[in-house]
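Notes for the one structure printed next.
Atoms considered below: every heavy atom in the structure, side chains included; atoms not considered: hydrogens, waters and symmetry mates.
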Amino acid sequence: MSSAGEYALAARSWILTQEAASVMTGISVTTYQKIENGHRMPRLENVVKLVDRLSIDSRALFLELGDFLPD
């Protein structure tokens, strides 16, 4: 699972369905599921939506995503 997906899953906290989280973020259900399941890295605009609308800690997320950047 990708870090972004882990954060999306944790933010959803089993209270929301993936469909409800999709509506809240404005990300299609299919794309949201792929992000959460680690099959797709979100585009920056979707990261902003996840952070903003699901109250994800952006600092922690970007620190972890930085591990994927080349040196």
Which side-chain N or O atoms in residues 41-48 pair as donor and acceptor under 3.5 Å with protein atoms at least two apart or in another chain?
| unit_1 | atom_1 | unit_2 | atom_2 | d |
| --- | --- | --- | --- | --- |
| Arg43 | NH2 | Glu45 | OE2 | 3.4 |

Going from CD on Glu19 to CE on Met24, what distance comes out if it is rounded to the nearest 0.5 angstrom?
14.0 Å
Quick one: CZ on Arg40 to CD on Gln33, what's the gap to the nearest 0.5 Å?
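Those atoms lie 12.0 Å apart.
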Over all heavy atoms of both residues, which pair between Ser22 and Ser28 is shortest? Give the atoms and the distance, please.
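That closest heavy-atom pairing would be OG-C, 3.3 Å.
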Under the rule for side chain to side chain contact (heavy atoms under 4.5 Å, CB included), what residues qualify as partners of Thr25, not counting sequence neighbours?
Ile27, Tyr32, Lys49, Leu50, Arg53, Leu54
Residue list, side chain to side chain contact (heavy atoms under 4.5 Å, CB included) with Val23, at least two apart or on another chain:
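For Val23, no residue satisfies side chain to side chain contact (heavy atoms under 4.5 Å, CB included) once neighbours in sequence are set aside.
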